[in-house]
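Notes follow once the structure below has been shown.
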Amino acid sequence: MFLPAGSQDETGVQISNRLRASEIFRQVTKKRNFQQISTPVVEYAQTFTNEVAGMDLHSMLKWFNGEGEIEVLRPDWTAAIARAIAGQHPSKQKWSYQGSVFRFDKEDTESRQAGIEIVHADRFFGEAESLLTAVAYLKHLNIEDYVIELGHTGIFDALIAPFTFSKQEEAELLKAMHDKRSDLVEEIVVKAGNAELAKPLMALIDAYGSRDIIEQYRRRWSDRDDLTEILTHINKLIDLLEASGVTEVIVDLGRVKNLPYYDGIMFRGFLTNDGSTCFSGGRYDRLYKQFELTTSAVGLAFDVDVLATHMAAEKEPEKICIIASPETHAIAEEFRMEMEEQVVDIQYELKNQTSYHTIYQVVMENSQYKVVEK
C-alpha cells in the first residue's frame, strides 16, 4: 500500500537518534528549570486562525466535528501553549515541550519538534536564555558546526510605517522580502505608489553577514533612534553569544517574520554542512493580547528530524544471542537479566550467526540446565 504525500515510514538509526535527541532535550531543559507541558494533538482551528495568531487554515489538516466546528491536527506549538498557559500565574515562566506538528505546506506533513517558551520574564533574559538553551542542547548532541542568525521584525515594520499598503500588498511585500526577491519588492512598492521605499528595502535584502553590518547601518540610520535601538539590542545578544563561546553568529537585517505573531527579535540555527535549519524562534508578545495580557513571550523550536539526521549513530553495544527452547526459555531469560550492558536476544533457532558478537546455548549438564558459550 502507498502512503499519502508527505507521510513516511522510518526504521533504524533515524528513530534511534530521534529518541536519543528527545531524551537529551528532556534532561537539558530539566536541569535549566523548564517545566514540561503538552497540548492535545487535536485543537479548534480558531486557536491558530484568530486575528492575532493569523495562521493560514489552508495549510492545516482539518475536518468538521459533530457540532460543525472546524478541528485541526496541531499545526503549531507556540499558539497552542499560549492558549494553555494564559491563565497560569506569572511566576511560571519557563516551559518545554516535545511532539509533532502537522502542516500541508511543509515537505513532510508531520514534523517532530522540541521547544521552549519563556513568558512573563525580563525581555533580554528570555531571549538570552532561549539562545543559550539552544547552545547547550546542541552541545549535548555533539553538534558543533552550526551558525546562529539574528534578525528583528521591527526593522521592516519601522521602514514601511510611514507608507500606505493594503493588507494584500503588505502580505505580498512580506513574502517578497522573505524570498529575497529584489525585483518583486520594487514592483510591489512602485505599484502601490511608494516608489521611494524601493531603494531602502532592496538594500535591506543584502544587509546580511557578520556583525559589521550593524555598524554600517548604525551610520546609515543615525537619525533613526527606533532603528539604532534595535541594532544595539542585536549587538548585545551577539556579545552574549560570543562570551558563551559561540563564534559563528550572523545578522540578517532584512529578515521578516514567517509567522504573523512574531513581533521582535528572531533567531535561527543553521547546520553548516548542508545549510539545514535546526531551530528557529523569536519574540511573540502580541500573541497574548488575544487573552487580554500584556506580557513578554519568546521561544524557539528545534527540528528534531533534522537533528536526528545529523547526529552520529550511537555506539552499538555488544549483541548476544541465547539459543533456547520453549522448555528452557525461562532459563535463558534469567541469564539475560544478568547482562545489563549488552543487547541480548533469545532465539529458538539461529538463522543469522553474523548478527551477534557472542552466541550462547541452554544445555543440560548433570541433570541441570546451564547456559554455555556455543
Side-chain angles (χ1 to χ4, degrees), residues 37-65 67-88 90 92-93 95-106 109-111 113-121 123 126-127 130 151-154 156-157 165-168 170-175 177-178 255-268 277 279-303:
I37 187 171
S38 182
T39 63
V41 72
V42 175
E43 296 251 14
Y44 287 120
Q46 179 65 14
T47 299
F48 310 97
T49 60
N50 65 75
E51 185 177 350
V52 178
M55 296 179 66
D56 181 12
L57 181 63
H58 293 92
S59 66
M60 303 178 194
L61 282 75
K62 52 195 174 292
W63 59 89
F64 288 100
N65 65 15
E67 287 73 44
E69 297 173 286
I70 301 176
E71 295 178 350
V72 297
L73 290 182
R74 178 179 54 225
D76 177 76
W77 270 102
T78 299
I81 289 175
R83 173 199 54 73
I85 68 174
Q88 295 280 352
K92 296 181 178 180
Q93 297 182 343
W95 303 87
S96 66
Y97 61 85
Q98 296 193 64
S100 294
V101 293
F102 301 85
R103 301 271 294 275
F104 279 132
D105 57 350
K106 303 291 184 181
T109 303
E110 178 183 7
S111 58
Q113 294 185 351
I116 55 175
E117 312 290 355
I118 301 177
V119 296
H120 312 310
R123 291 171 65 85
E127 294 164 11
S130 294
H152 200 289
T153 66
F156 174 81
D157 292 343
F165 292 95
S166 68
K167 284 189 176 182
Q168 182 178 347
E170 186 172 338
E172 291 173 352
L173 186 55
L174 273 168
K175 187 176 188 310
M177 288 291 294
H178 181 272
R255 189 183 169 202
V256 294
K257 56 190 175 185
N258 59 324
L259 287 171
Y261 52 70
Y262 281 134
D263 59 356
I265 198 75
M266 295 180 291
F267 24 74
R268 287 188 290 193
T277 303
F279 73 82
S280 62
R283 176 160 297 286
Y284 53 93
D285 298 354
R286 71 184 301 270
L287 189 59
Y288 281 82
K289 291 181 179 178
Q290 62 184 307
F291 309 112
E292 299 182 353
L293 287 175
T294 301
T295 191
S296 165
V298 65
L300 58 81
F302 295 93
D303 189 321

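Residues: numbered from 1 along the sequence shown.
Expressed to the nearest 0.5 Å, how far OG1 of Thr295 lies from CG of Leu287 amounts to 11.5 Å. From Asp263, atom CG reaches atom CG of Asp285 across 5.0 Å, with rounding to the nearest 0.5 Å. Between the CZ atom of Phe48 and the CD1 atom of Ile70 there is a distance of 13.0 Å, given to the nearest 0.5 Å. Atom OG1 of Thr153 sits about 12.0 Å away from atom CG of Leu259, to the nearest 0.5 Å. With rounding to the nearest 0.5 angstrom, the CZ atom of Phe156 is 12.5 Å from the NE2 atom of His178. Summarising the geometry, atom CD1 belonging to Ile37 is positioned 9.5 Å from atom NZ belonging to Lys92; distances are rounded to the nearest 0.5 Å.
Among pairs with a residue in residues 40-59, those fulfilling salt bridge (charged side-chain N to carboxylate O under 4.0 Å, His left out) read Glu43-Arg83, at least two apart in sequence or across chains.
Counting all heavy atoms, side chain and backbone alike, Gly151 lies closest to Ile265 at O-CD1, 3.3 Å. Across Met55 and Met60, no two heavy atoms sit closer than the pair CB-CE, 3.7 Å. Residues Val119 and Ala297 approach most closely at CG1-CB, 3.8 Å, considering heavy atoms. Closest non-hydrogen pair, Val72 versus Ala45, comes out as CG1-CB, 3.8 Å. Contact record, Gly299 with Ser130: CA-OG, 4.1 Å, taken as the closest heavy-atom pair.
Side-chain atoms of Trp63 and Glu71, non-hydrogen and from C-beta on, do get closer than 4.5 Å to each other. Looking only at side-chain heavy atoms (C-beta outward), Val41 and Ser100 stay at 4.5 Å or farther from each other. When side chains are defined from C-beta on, Val101 does not count as touching Asp76, because their heavy atoms never get closer than 4.5 Å. Residues Gln290 and Tyr261 have side chains not in contact (no heavy-atom distance under 4.5 Å, counting atoms from C-beta outward). Counting only heavy atoms from C-beta outward, the side chains of Tyr262 and Thr78 never approach each other to under 4.5 Å. Residues Arg268 and Arg255 have side chains in contact (heavy-atom distance under 4.5 Å, counting atoms from C-beta outward). Counting heavy atoms from C-beta outward, Glu117 and Tyr284 have side chains that approach closer than 4.5 Å. Proximity of Leu73 to Val42: side-chain heavy atoms (C-beta onward) are separated by under 4.5 Å at one or more points.
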**Study point:** Worked verdict on Arg283 versus Arg123 for side chain to side chain contact (heavy atoms under 4.5 Å, CB included)
**Key:** CA-CA 9 Å; Arg283 176 160 297 286; Arg123 291 171 65 85; 3.1 Å; yes

Review point. Yes or no on side chain to side chain contact (heavy atoms under 4.5 Å, CB included) for Phe291 and Ile85, after CA distance, side-chain angles and deciding distance?
Key: CA-CA 10 Å; Phe291 309 112; Ile85 68 174; over 6 Å; no

Check your understanding: Run the side chain to side chain contact (heavy atoms under 4.5 Å, CB included) check on Gln113 and Arg74 step by step: do they pass?
Key -> CA-CA 12 Å; Gln113 294 185 351; Arg74 178 179 54 225; over 6 Å; no

Check your understanding: Does the side chain to side chain contact (heavy atoms under 4.5 Å, CB included) test come out yes or no for Tyr44 and Asn65, once each step is laid out?
Key -> CA-CA 10 Å; Tyr44 287 120; Asn65 65 15; 3.8 Å; yes

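Judged purely by atom type and a 3.5 angstrom limit, Ser296 uses its side chain to pair as donor or acceptor with the backbone of Ala121. Without hydrogens or angle criteria, Asp303 side chain to Phe279 main chain gives no donor-acceptor distance under 3.5 Å.
Residues passing the side chain to side chain contact (heavy atoms under 4.5 Å, CB included) test with Ser38 are Trp77, sequence neighbours excluded. Residues satisfying the side chain to side chain contact (heavy atoms under 4.5 Å, CB included) test with Gln98, not counting sequence neighbours, are Ser22, Phe25, Arg26, Ala114.
At most 12 heavy atoms of other shown residues, nucleotides or ligands fall within 6.0 angstrom of atom NZ in Lys175.
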